[in-house]
Amino acid sequence: MPSIVAAPYDYSFPAGKLALIVIDMQRDFVEEGGFGSALGNDVRPLQAIVPTVARLIAGFRAAGLPVIHTREGHKPDLSDCPPSKRARGQMPGSGSLTIGDAGPMGRILVDGEPGNDLVPELAALPGEIVLLKPGKGAFYATPLQEILQKLGIGHLIFAGVTTEVCVQTTMREANDRGYECLLAEDATESYFPEFKAATIAMIRAQGGIVGWTAPVEAVLRGLA
Ligand code: C5J
């Protein structure tokens, strides 16, 4: 079985049965004027991982393995956005823009608005799956579980943003459903470096209680 040099120990996967899930590499989080910056965050660390995520995606495409993208977003009428989520987006001192409000890239975190698109460098290819997810986890209120079952996938590599919110939530959802999960350490980022470091430590603690972590270079070597 092919394997990837990872922590807490090597990650083995059945050839041809591995998929990449790229979480929420959308303009809302990565570019100025979206949800991330409306909450008062510096988006530059997230912009910095775009070339690394692109290399990881290219490796999966070259290996003929599925690449699944997600976008966090809501229907224009916000019927899938709990009032609690909208209310908590209103950070004092951050200009009070929240989900559904008109921002510099259209309505914040709303499907179909320019800010909700994937960043152009990481656009999905025709035929690749792009899931719109209203929650932090990609399994909640989406067909992800059925899609993976249809593809016969039991092993998942994760990339995207933010490490401790949507990436970690989705990894934990996947782990509970029996998927073997690995987080690509340098293809994920947070607005808070200490949260990223803590998430990586938590995932691989206790013998890989949530899964494995490895740098993109090691993942690409494993695919080759
Ligand atoms: C957040 C995400 N941070 N994609 N969403 O609200 O992590």
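Nothing here was measured: the structure is a model prediction, and the numbers come from that model. Counting convention: from 1, in listed order, for ligands and their atoms alike. In what follows, every heavy atom counts, from backbone to side chain, and hydrogens, waters and symmetry copies are set aside.
- Here is the list of ligand 1 atoms found below 4.0 Å of a heavy atom in K136: 1 (C), 5 (N), 6 (O).
- Below 4.0 Å from some heavy atom of C166 lie the following atoms of ligand 1, by number and element: 2 (C), 4 (N), 5 (N), 7 (O).
- The number of heavy atoms from other shown groups lying within 6.0 Å of CZ (R61) is above 12.
- From the protein, the heavy atom lying nearest to atom 3 (N) of ligand 1 is T162 OG1, 3.3 Å.
- For residues 50-59, the side-chain hydrogen bond (donor to acceptor under 3.5 Å, both in side chains) pairs, not counting sequence neighbours, are R55-E217.
- The protein heavy-atom contact nearest to atom 5 (N) of ligand 1 is E72 OE1, 2.9 Å.
- Less than 4.0 angstrom separates some heavy atom of V165 from each of these atoms of ligand 1: 1 (C), 3 (N), 7 (O).
- Contact record, V219 with L182: CG2-CD2, 3.9 Å, taken as the closest heavy-atom pair.
- Using modelled atom types, one finds no donor on one side chain facing an acceptor on the other under 3.5 Å when comparing T98 with R86.
- With respect to the salt-bridge test (charged N to carboxylate O, under 4.0 angstrom), the residues R71 and D117 do not qualify.
- Taking any N or O of K133, backbone or side chain, none lies under 3.5 Å from an N or O belonging to ligand 1.
- Close contacts of ligand 1 with D24, meaning ligand atoms under 4.0 Å from a residue heavy atom, involve 2 (C), 4 (N).
- Ligand 1 has no nitrogen or oxygen under 3.5 angstrom from a nitrogen or oxygen of F29.
- For V161, every heavy-atom contact with ligand 1 shorter than 4.0 Å involves the backbone, none the side chain.
- In this structure, E164 and F192 have side chains that are in contact, with non-hydrogen atoms separated by less than 4.5 Å.
- In this structure the side chain of V165 never reaches within 4.5 angstrom of the side chain of D24, judged on heavy atoms.
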